[in-house]
There are 2 protein chains.
Amino acid sequence: MAKKGKRTLQDYPRPSVAVDTAVLTVLPPERTGRGDDRGELAVLQVRRTGGHKRGEWSLLGTFLHEGELLAGSVARSLREKAGLGDDVVPRQLRVFDAVERDTRGRVLSVAHKVWVPHARLAPVVEAADGGLRLVPVGEVGPMPFDHPEIVAEAVAQGRAEYAKRADPGRLLPGSFTLHELWVVHDAVAGHFDSTEDAFRLRAVRLLEPSPEPPRKLDVGRPAKLYRRR
Amino acid sequence: MAKKGKRTLQDYPRPSVAVDTAVLTVLPPERTGRGDDRGELAVLQVRRTGGHKRGEWSLLGTFLHEGELLAGSVARSLREKAGLGDDVVPRQLRVFDAVERDTRGRVLSVAHKVWVPHARLAPVVEAADGGLRLVPVGEVGPMPFDHPEIVAEAVAQGRAEYAKRADPGRLLPGSFTLHELWVVHDAVAGHFDSTEDAFRLRAVRLLEPSPEPPRKLDVGRPAKLYRRR
DNA sequence: TAAATAGTGTCTCTGAGACACTATTCA
DNA sequence: TGAATAGTGTCTCAGAGACACTATTTA
């Protein structure tokens with residue numbers, strides 16, 4: 001290192017910066033394989049192709065490019081590796097900085113989390129021919145680096161968001177029924193939130209009624225539509 | 001960049017990594033210069049010495065060193081620039097990544113926040129001969145880079161912590177009176193929390209009584225001592 | 001006894017959960 | 001009319017704030 005008073009940026013180590021993203025969604029009840037009418041919080045995994053790691057599943061990740069913002073890096077990885085549009089709002093979790101987290105050298109990972117509706121993920125996963133999969137957050141299996149920790153923190157942050165607001169991840173379309181909203185919140189909370197009954201009363205205060213007419217279902221009383229406030 | 005399948009860490013840009021820390025404390029009532037009996041949330045500033053920036057005040061900062069953890073970097077800057085011990089618990093805020101935030105080149109800043117009791121900070125500031133100062137978080141004045149944003153986020157995170165738990169920053173010693181606890185919480189909240197009366201009831205549930213005898217004051221009924229649970 | 005501070009009891013309000021009840025539709 | 005789903009009314013309970021009241025000490 002240079003003498004005091006003459007130091008420049010070049011005198012300090014410059015680590016590589018990875019950007020790893022937990023893409024979260026809620027599997028609709030008919031896609032959980034559980035046979036009940038509850039959704040399931042799931043995360044997107046990518047099959048690794050390089051060398052001896054072939055076959056392992058990891059989170060979506062990339063390295064920060066020249067002149068790129070972190071949010072831009074997340075958007076690029078979603079675009080390049082999952083063919084998703086740029087209309088996503090990545091949220092930063094934190095930096096994972098264990099010195100030995102990557103055997104190739106010092107790599108800091110800035111972990112992110114992003115919500116994507118299942119309707120947009122499903123065709124992408126289908127088209128990826130085994131290169132992508134959606135798994136319930138409790139069944140992610142072994143993952144490289146500190147990716148299991150990243151999933152855990154993403155889930156924790158996601159649950160905290162959904163406990164405070166109505167569908168902050170915009171997993172539902174512009175208008176929706178209270179039942180649809182409950183399925184999403186119940187899935188995010190891991191089925192420990194409360195009954196659907198108690199949820200309705202709480203949720204209505206966070207919503208505004210949609211001007212659309214009630215939606216007819218197969219049977220039963222048609223359901224009023226609401227919007228996020 | 002190398003061809004696909006042959007990329008190495010060296011193919012990606014490696015930014016410098018700064019570690020900027022908002023050191024937060026509560027000025028005791030007699031140090032606020034306000035004449036009332038309320039404390040004040042304050043942040044530590046460092047006088048810059050280099051070149052044309054001389055005289056500006058900034059947050060405590062350093063660059064990440066070889067093989068160093070972020071928390072270690074925070075601890076080192078506290079030790080080297082403020083003579084503080086290693087018994088602090090830095091909490092990461094987030095990465096500030098604006099491309100032009102430092103004119104010398106691409107520098108990511110991993111912002112941190114740390115609580116330090118005023119009793120430990122006061123002698124250090126005194127001994128620094130004008131190189132350090134403690135200012136109320138509302139009066140930080142101009143600061144370089146994105147340091148004002150970092151202060152704002154540190155304050156927001158700090159307030160959220162104190163809203164949930166009793167003195168999570170351990171600004172008070174092992175045992176303390178409810179009044180002392182209220183002064184700290186009131187200062188952190190910016191005097192908008194609630195009355196001291198309402199605070200007491202809420203706080204007691206988060207505390208356990210200390211076995212020590214009540215502390216005698218100058219006048220009035222001696223105050224029971226409590227501990228963080 | 002007055003002043004000063006610490007601590008308690010009580011009232012009201014609000015929000016959440018439980019749960020029974022009503023409403024609307026289709027077969 | 002019965003099954004299925006949506007939605008409402010009511011009860012209870014817990015936490016928070018307001019505020020008056022009691023307790024303990026010094027001068």
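Keep in mind that the numbers below use all heavy atoms, side chains included, and drop hydrogens, waters and symmetry copies. Letters A, B, ... mirror the listed sequences (proteins, then strands); counts begin at 1.
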Spacing of CZ belonging to A:R202 relative to NE2 belonging to A:H185, to within rounding of 0.5 Å
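The CZ atom of A:R202 sits 9.0 Å away from the NE2 atom of A:H185.
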
Rounded to the Å, how far apart are [X] [atom1] and [N] [atom2]?
X      : N      : atom1 : atom2 : result
A:L201 : C:dC19 : CG    : P     : 14 Å
A:R200 : C:dA16 : CZ    : P     : 16 Å
A:E196 : D:dT8  : CD    : C1'   : 14 Å
B:R221 : D:dT24 : CZ    : P     : 6 Å
B:L207 : C:dG7  : CG    : P     : 11 Å
A:F199 : D:dG7  : CZ    : P     : 13 Å
B:D218 : C:dT5  : CG    : C1'   : 11 Å

Examine A:F176 together with A:W182 and report whether their ring centres are nearer than 6.0 Å.
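Not under 6.0 Å, so no.
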
Hey, does the side chain of [X] reach the backbone of [Y] with a donor-acceptor pair shorter than 3.5 angstrom?
X      : Y      : answer
B:H118 : B:L27  : no
B:R215 : B:P222 : no
A:D20  : A:S109 : no

Could you note down all residue pairs passing side-chain hydrogen bond (donor to acceptor under 3.5 Å, both in side chains) where residues 122-142 of chain A supplies at least one of them, sequence neighbours left out?
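Listed by first then second residue: A:Q45-A:R133.
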
Using side-chain heavy atoms (C-beta onward) and a distance below 4.5 Å, is B:V183 in contact with B:R38?
no

Can you check whether A:T195 has a side-chain N or O nearer than 4.0 Å to OP1 or OP2 of C:dC19?
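Negative; the distance criterion is not met.
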
Can you tabulate the close N/O pairs, meaning under 3.5 Å, that link protein atoms to atoms of nucleotides 11-13 of chain C?
none

Please give me every residue in residues 169-189 of chain B whose heavy atoms get under 4.0 Å of an atom in DNA chain C, ordered by residue number.
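Contacting residues: B:H179.
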
Let's see if you get this right: which residues in residues 222-229 of chain A place a heavy atom under 4.0 Å from DNA chain C?
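By residue number: A:P222.
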
What about A:D197, does its side chain sit under 3.5 Å from the base of C:dA20 through a donor-acceptor pair?
yes

Quick one: list whatever passes side chain to side chain donor-acceptor pair (under 3.5 Å) with B:E208, sequence neighbours left out.
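Side chain to side chain donor-acceptor pair (under 3.5 Å) check on B:E208 returns nothing, list empty.
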
Stacked cation flag B:R165 on B:Y162, 6.0 angstrom / 45 deg:
no

Check each of B:V23, B:V124, B:L121 against B:L132 using the side-chain contact (heavy atoms from CB on, under 4.5 Å) test, and report the only one that passes.
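Only one option passes, and that is B:V124.
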
Considering only nitrogen or oxygen atoms on both sides, find all protein atoms under 3.5 Å from nucleotides 11-15 of chain D and state each distance.
none

Residue B:R170 excluded, over 12 heavy atoms near CZ under 6.0 Å:
no

Any chance CG of B:D36 has more than 12 other-residue heavy atoms, nucleotides or ligands included, within less than 6.0 Å?
yes

With no hydrogens and no angle check, just 3.5 Å: does a side-chain donor-acceptor pair link A:R76 and A:T62?
yes

Show your reasoning for whether salt bridge (Lys or Arg N to Asp or Glu O under 4.0 Å) applies to A:R120 and A:D87.
CA-CA 12 Å; A:R120 293 187 53 205; A:D87 54 337; 3.3 Å; yes

For A:G220 and B:V204, find the nucleotide of DNA chain C closest to each by heavy atoms; which residue's nucleotide sits nearer the 5' end?
B:V204

